[in-house]
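Because only heavy atoms are used, hydrogens play no part in the values below, and waters and symmetry mates are left out as well, while side chains stay in.
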Amino acid sequence: MTKNFERPSDAAVLEAKHASEKPSILLLNAADDVLIALRPIAKGERLRDGIIAQDDIPAGHKIARRALAKGAEIRRYSSLIGAASADIAAGAHIHLHNLEMLDFARDYAFCSEVRPAPVAAQARTFDGIVRDDGRIATRNYIGVISSVNCSATVARMVADHFRGRLDDYPNVDGVVPLTHKRGCGLDAKVEGVEALRRCIAGYAAHPNFAKVIIIGLGCEVGDLTGVLGGASGDALVIQQSGGTAATVRAGIERVEAALEQANNVRRVPVPVSELKVALQCGGSDGYSGVSVNAALGVAVDLLVAQGGTAILSETTECYGAEHVLTRRAISREVGEKFVSRVKWWEEFAARNGMVINNNPSPGNKAGGLTTIIEKSLGSIAKGGTSNLMAVYGYAERVTERGLVFMDAPAFDPVGATAQVAGGATVMCFTTGRGSAFGCKPTPSLKLASNSELVRRMPDDMDINCGTILDGEETVEAAGARIFEEILQTASGKRTCSERLDYGNEEFAPWDMGVML
């Protein structure tokens with residue numbers, strides 16, 4: 001049994017049934033055992049190399065390129081994704097019914113693919129907001145954060161008062177309520193409590209907030225003022241402010257007092273090296289790793305060459321493909337720290353009676369993804385080819401430039417909350433099935449893996465990478481286009497999720513409970 005992986009190939013071969021038609025199947029690497037359907041394939045349809053479809057095969061799903069005996073290893077991206085659980089004929093549909101996970105040994109080969117840091121030929125800028133303390137913002141919000149669920153309603157009342165009332169403050173992007181379901185009942189140095197504190201502190205200090213007000217009840221566990229640190233904010237306590245109505249009035253007064261100064265900002269050119277871009281995916285399909293994630297990886301390499309920072313995450317969606325990052329780790333210490341987080345997840349899953357391979361969601365599977373290894377190989381593509389510079393715990397502040405990793409589960413709001421708390425000022429969110437998401441105060445760009453999704457959800461998608469599958473654009477060209485869109489978004493261009501007012505409900509600190 002082969003124990004090592006090849007790194008996924010950057011090359012893709014598209015083939016159409018007739019030259020005048022759009023491509024119908026995709027071969028990612030000459031060593032692969034599977035083809036990818038670019039449209040629904042009918043049983044009996046002749047494909048390539050004399051292969052005839054043995055089943056009706058949905059778009060995005062895998063087709064056996066050759067006959068495979070039960071137990072045979074199966075490769076995609078020239079990498080192991082599982083083993084045949086039954087004999088498979090050439091042209092047959094490969095999915096949950098005949099492909100299963102298998103145990104394997106990883107060859108981490110720490111630091112073996114580290115390369116000289118790239119430097120862009122031309123330094124680029126974006127139009128950012130420079131705070132008085134030197135922090136660089138891409139948006140200009142005022143935040144109202146509840147320290148505990150008991151104060152969530154009051155925080156929301158304060159923020160809701162300003163809906164539709166900011167016409168006199170055109171440079172203020174909005175007043176954002178950030179509420180959650182926790183904040184009391186336990187005061188201990190346990191991971192869930194510390195994660196909540198890091199999230200609140202990270203948001204309170206986020207450069208995209210001109211002002212932050214934190215509202216507490218008063219008898220909850222935890223030090224309310226302590227989470228503010230050096231942030232531009234203050235605190236209100238319901239039990240000390242005269243109750244609900246009085247606290248709402250006081251909160252409104254404090255926001256009103258901050259509006260004029262918050263509005264007195266202007267955008268100026270700042271280096272792209274000041275950007276921190278979060279990388280997320282949700283509702284992935286069989287095309288995600290081929291088109292949109294690969295193109296985002298190109299954009300990440302362009303960002304890193306400018307001295308910027310990209311934050312890759314979703315640890316459980318790296319499982320089985322850890323070698324791709326350990327080989328690019330800038331030091332063995334960084335690589336081993338990443339491996340330690342993966343092993344933590346193995347132990348976490350085991351003690352909760354789960355296996356990490358449960359991670360692909362029903363939507364992922366309907367879209368053609370079968371095993372977590374297959375999903376992980378496509379997910380990691382978002383990180384491009386740059387060196388891995390650092391590994392951070394959940395919601396820790398990101399200080400290193402370049403490609404970094406943040407430990408977090410794969411559930412989008414929980415992982416995105418950690419990245420924003422870490423300082424991300426733009427988010428790139430890839431999807432194949434379709435996802436509805438925003439992440440105030442950080443603008444979220446939605447990137448689609450296929451053109452059908454853009455036609456189906458036009459108001460939610462910012463960038464169509466289905467052009468790659470349609471044969472209209474290369475991965476490199478799509479990546480360059482994404483990079484330019486990142487700079488425009490950082491300069492103030494509103495995203496689809498911002499126009500739809502997403503982001504008021506997606507603040508979701510992880511309690512370290514059962515979640516993959």
Side-chain angles (χ1 to χ4, degrees), residues 129 137-183 196 199-218 220 224-225 227-228 231-265 413 416-417 420-421 425 427 436-444 494-495 497-509:
I129 298 167
T138 63
R139 291 295 184 270
N140 192 37
Y141 286 102
I142 292 175
V144 186
I145 305 177
S146 64
S147 69
V148 64
N149 180 248
C150 309
S151 60
T153 296
V154 169
R156 188 168 298 282
M157 286 178 175
V158 172
D160 285 349
H161 172 81
F162 294 92
R163 280 185 174 271
R165 299 186 180 186
L166 296 178
D167 290 346
D168 292 335
Y169 306 98
N171 294 328
V172 177
D173 291 307
V175 180
V176 182
L178 296 171
T179 65
H180 55 93
K181 304 298 183 185
R182 301 170 56 224
L196 174 63
C199 284
I200 293 177
Y203 272 70
H206 200 283
N208 284 2
F209 282 129
K211 175 78 171 181
V212 170
I213 298 168
I214 297 184
I215 299 179
L217 177 60
E220 66 269 22
L224 185 65
T225 58
V227 300
L228 284 170
S232 175
D234 51 24
L236 287 170
V237 180
I238 295 170
Q239 293 172 352
Q240 299 172 13
S241 300
T244 296
T247 307
V248 171
R249 287 195 298 271
I252 290 171
E253 289 172 359
R254 295 194 185 193
V255 173
E256 288 176 337
L259 280 171
E260 185 171 349
Q261 183 176 353
N263 190 60
N264 189 28
V265 298
T417 295
V420 174
T425 49
M427 179 170 293
F437 183 77
C439 203
K440 292 177 183 176
T442 296
S444 176
R494 298 179 72 204
T495 67
S497 65
E498 289 179 294
R499 290 194 291 272
L500 292 168
D501 201 27
Y502 273 103
N504 296 320
E505 305 291 341
E506 286 79 2
F507 179 64

Between Q261 (side chain only) and A258 (backbone N and O only), is there a donor and an acceptor less than 3.5 Å apart?
no
Between V175 and V158, is any pair of side-chain heavy atoms under 4.5 Å apart?
no
CG/N264: more than 12 non-hydrogen atoms of other groups inside 6.0 Å
no
How far does CG of L217 sit from OG1 of T244, to the nearest 0.5 angstrom?
8.5 Å
With distance as the sole test, does R139 use its side chain to make a donor-acceptor pair with the main-chain N or O of P443 at under 3.5 Å?
no
E260, CD: over 12 other non-hydrogen atoms inside 6.0 angstrom
no
For G251, is there any backbone N or O sitting under 3.5 Å from a side-chain donor or acceptor partner on E253?
no
To the closest 0.5 Å, what do you measure between OH (Y203) and CD1 (I145)?
9.0 Å
With the side chain counted from C-beta on, respond yes when S497 and F437 share a heavy-atom pair under 4.5 Å apart, and no when they do not.
no
Using 30° and 60° as the class boundaries, would you call the ring planes of F209 and H206 parallel, tilted or perpendicular?
perpendicular
Classify the side-chain pair N208/T138 by whether it contains a donor and acceptor separated by less than 3.5 Å.
yes
With a 3.5 Å distance limit and no angle check, can you tell me whether T442 reaches the backbone of V420 through a side-chain donor-acceptor pair?
no
E506 and T417: which non-hydrogen atoms are nearest, and at how many Å?
O-OG1, 3.3 Å
Side chain N140, main chain D173, donor-acceptor under 3.5 Å
no
Quick one: do E505 and R156 make a salt bridge, cutoff under 4.0 Å?
yes
Tell me, do E220 and C150 make a side-chain contact under 4.5 Å, heavy atoms counted?
no
Rounded to the nearest 0.5 Å, how far apart are CD of E498 and SG of C439?
11.0 Å
CD1 of I252 to OG1 of T247: how many Å apart, nearest 0.5 Å?
11.0 Å
Could you go step by step and tell me if I213 and D234 meet the side-chain contact (heavy atoms from CB on, under 4.5 Å) rule?
CA-CA 5 Å; I213 298 168; D234 51 24; 3.4 Å; yes
Ignoring hydrogens and angles, tell me if any N or O in the side chain of S146 forms a donor-acceptor pair with the backbone of A155 under 3.5 Å.
no
Student check: side-chain heavy atoms of V255 and K211 closer than 4.5 Å
no
Does any N or O in the side chain of N149 come within less than 3.5 Å of the main-chain N or O of G183, such that one atom is a donor and the other an acceptor?
no
Compare all side-chain heavy atoms of Y502 with those of S444 and state whether any distance is below 4.5 angstrom.
no
Take F162 and V172 through the side-chain contact (heavy atoms from CB on, under 4.5 Å) test and state the conclusion after the steps.
CA-CA 11 Å; F162 294 92; V172 177; over 6 Å; no
Could you tell me if the side chain of I215 sits less than 4.5 Å from the side chain of M157, heavy atoms only?
no
